[in-house]
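Right, one structure below, let's go through it.
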Amino acid sequence: MKKILMELYNEKLQALINLGQRDKLEDELERKIKLNEERNTEIVKGNIKVHIGEISENESGQEEILHQCHYQFLMKQKDHFYLEEIVEDRKAVIWNNEVIGDCAINFPDISEQSPRSLDDYYVRQEFQYDRLAAVQYAERWWNSHNPNYKNFEVNCTNFVSQCLHAGETPMRGYPNRSGGWWMQQNNWSYSWSVANSLTTFLGKSKVGLRAQQVYAPEELQPGDIICYDFQGDGRFDHTTFVIAKDQNNMPLVNAQTYNSRMRYWSYVDSTAYTPQIKYKFFHIIDDTR
């Protein structure tokens, strides 16, 4: 079974590298090729690992396999090389030793309430954001879970909050879940763990964790945040953490839920992408007088 899936994904991987086989690619992989062409970037080498999870049989006698795919791409942009990694949770359907269906698993939203900043009740605690420490944390934990924090099925914003906290950004607002930004004693604020709540919070906060919204990705630095509204409906679904800039001064990001490392910021190659996508770019600023 693993061999069957490996053959499927290796075929896709080779189509990404050898562009003459592009007719075999799904939409998001075709978008990845076009994105690479626009960036003057190519995939020099690739690797794929498949980890089998739960196996079950449906009413038709077909096998349904929950599994995880870990892609590694050696990217070349101009004279610069870097390793991009993407981990996807997927479900395949196999019948008579053939894959008849394969798709990414979509995760549900975490429930939320509209956050309040609680600025009027916060005792100011000056700090300087340690971007290096935050980026180091993002590199250490992008594909695993820190046992010191609660983990969620949809973990992108929780991961970004952990990165910010690793940069010595102080929590505030406990125990009010709809105010401040915190995780303590197996409890957490909405802004800590929900993408739309963190987006709203960053736009409002005046002390503690706060940010300046900028309007071009080139203005971001490692340690900053990008928020994604995939449907363009005003509700933000995803957050990523900037860890580097490419040779065109564009952000590369780490993220969780679909764990990614050094991924190009636009997510054009994501299964969640739509042409209606909207972004918000936040530059984290120190809280000093």
Side-chain angles (χ1 to χ4, degrees), residues 1-53 64-78 80-94 98-107 142-143 156 217 226 228-232 237-238 240 244 246-248 250-279:
M1 185 175 302
K2 183 174 181 178
K3 181 180 178 181
I4 295 172
L5 291 174
M6 283 293 296
E7 289 175 352
L8 171 68
Y9 294 122
N10 272 317
E11 184 177 20
K12 293 180 181 180
L13 184 62
Q14 291 307 312
L16 277 173
I17 299 171
N18 304 310
L19 301 186
Q21 305 176 38
R22 288 173 71 162
D23 59 321
K24 300 179 181 179
L25 291 177
E26 299 162 344
D27 287 346
E28 63 269 18
L29 298 182
E30 177 65 27
R31 292 196 301 269
K32 186 176 187 69
I33 289 175
K34 291 180 179 179
L35 176 64
N36 287 344
E37 291 172 346
E38 292 170 1
R39 298 176 58 212
N40 192 28
T41 303
E42 64 176 311
I43 302 174
V44 179
K45 292 183 180 179
N47 186 47
I48 177 73
K49 297 178 182 177
V50 176
H51 304 280
I52 302 295
E64 296 184 349
I65 300 95
L66 299 180
H67 59 287
Q68 191 175 78
C69 298
H70 184 168
Y71 292 94
Q72 294 178 309
F73 303 113
L74 179 61
M75 311 293 289
K76 181 182 179 184
Q77 186 183 44
K78 301 178 182 177
H80 178 68
F81 292 85
Y82 67 92
L83 184 66
E84 176 185 340
E85 300 185 66
I86 298 174
V87 179
E88 287 187 340
D89 291 290
R90 303 185 68 89
K91 181 172 82 170
V93 179
I94 293 180
E98 291 187 10
V99 178
I100 61 173
D102 177 56
C103 63
I105 297 173
N106 294 319
F107 293 97
W142 74 273
N143 196 32
C156 58
I226 303 176
Y228 301 75
D229 172 6
F230 286 118
Q231 300 298 323
D237 317 282
H238 187 52
T240 66
D246 72 6
Q247 297 298 290
N248 297 325
M250 301 299 280
L252 301 174
V253 300
N254 284 16
Q256 286 200 354
T257 302
Y258 290 119
N259 299 354
S260 303
R261 176 180 181 270
M262 297 286 279
R263 188 170 190 167
Y264 191 68
W265 70 272
S266 67
Y267 266 60
V268 169
D269 58 342
S270 168
T271 56
Y273 173 84
T274 73
Q276 291 75 41
I277 193 170
K278 294 179 181 178
Y279 309 91

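Position 1 is the first residue of the sequence, and the numbers go up from there.
Residue pairs that meet the salt bridge (Lys or Arg N to Asp or Glu O under 4.0 Å) test with at least one member in residues 250-261, sequence neighbours left out, are Glu139-Arg261.
Closest non-hydrogen pair, Ser266 versus Ile277, comes out as O-CD1, 4.1 Å. Shortest non-hydrogen contact noted between Tyr267 and Ala255 is OH-CB, 3.4 Å. The two residues Glu28 and Asp269 have their closest heavy-atom pair at CB-O, 3.3 Å. Among all heavy-atom pairs drawn from Leu74 and Leu83, the shortest one is N-CD1, 4.2 Å. In this structure, Pro217 and Pro251 approach most closely via the heavy-atom pair O-CG, 3.3 Å. Across every non-hydrogen atom of Ile226 and Val253, the tightest pair is CD1-CG1, 4.1 Å.
The closest side-chain heavy-atom distance from Glu84 to Ser260 is not below 4.5 Å. When side chains are defined from C-beta on, Ile17 does not count as touching Phe73, because their heavy atoms never get closer than 4.5 Å. A 4.5 Å side-chain heavy-atom check between Asp89 and Leu66 finds every atom pair outside the cut-off. Side chains of Val268 and Lys32 form no contact here, defined as non-hydrogen atoms less than 4.5 Å apart.
Shown here are the side chain to side chain donor-acceptor pair (under 3.5 Å) partners of Glu64, two or more places apart in sequence or in another chain: Asn58. Not a single side chain to side chain donor-acceptor pair (under 3.5 Å) links Lys76 to another residue, sequence neighbours left out. Partners of Tyr264 by side chain to side chain donor-acceptor pair (under 3.5 Å), not counting sequence neighbours: none found. Scored by the side chain to side chain donor-acceptor pair (under 3.5 Å) test, Thr274 finds Gln276 as partners (sequence neighbours excluded).
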**Q.** Test ring pair (Phe, Tyr, Trp, His ring centres under 6.0 Å) applied to Tyr9 and His67, step by step
**A.** CA-CA 12 Å; Tyr9 294 122; His67 59 287; 5.8 Å; yes
Q | Evaluation steps, ring pair (Phe, Tyr, Trp, His ring centres under 6.0 Å), between Tyr273 and Phe230 | A | CA-CA 6 Å; Tyr273 173 84; Phe230 286 118; 8.0 Å; no
Q | Verdict with supporting geometry, Asn259 and Ile86, side-chain contact (heavy atoms from CB on, under 4.5 Å) | A | CA-CA 6 Å; Asn259 299 354; Ile86 298 174; over 6 Å; no
**Q.** Derivation of the side-chain contact (heavy atoms from CB on, under 4.5 Å) call for Arg263 and Leu252
**A.** CA-CA 5 Å; Arg263 188 170 190 167; Leu252 301 174; over 6 Å; no
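Ring geometry, Trp142 versus His70: the interplanar angle exceeds 60°, so the pair is classed perpendicular (tilted spans 30 to 60°).
Using a cut-off of 4.0 Å between Lys/Arg side-chain N and Asp/Glu carboxylate O, Asp102 and Lys12 are scored as salt-bridged. With respect to the salt-bridge test (charged N to carboxylate O, under 4.0 angstrom), the residues Asp229 and Lys278 do not qualify.
The closest donor-acceptor contact from the side chain of Asp246 to the backbone of Asn248 lies under 3.5 Å.
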Identify each donor-acceptor pair in which a side-chain atom of residues 41-52 lies under 3.5 Å from a protein atom, sequence neighbours left out, and give them as a table.
unit_1	atom_1	unit_2	atom_2	d
Thr41	OG1	Arg39	O	3.2
Thr41	OG1	Gln77	NE2	3.4
Asn47	ND2	Gln72	OE1	3.2

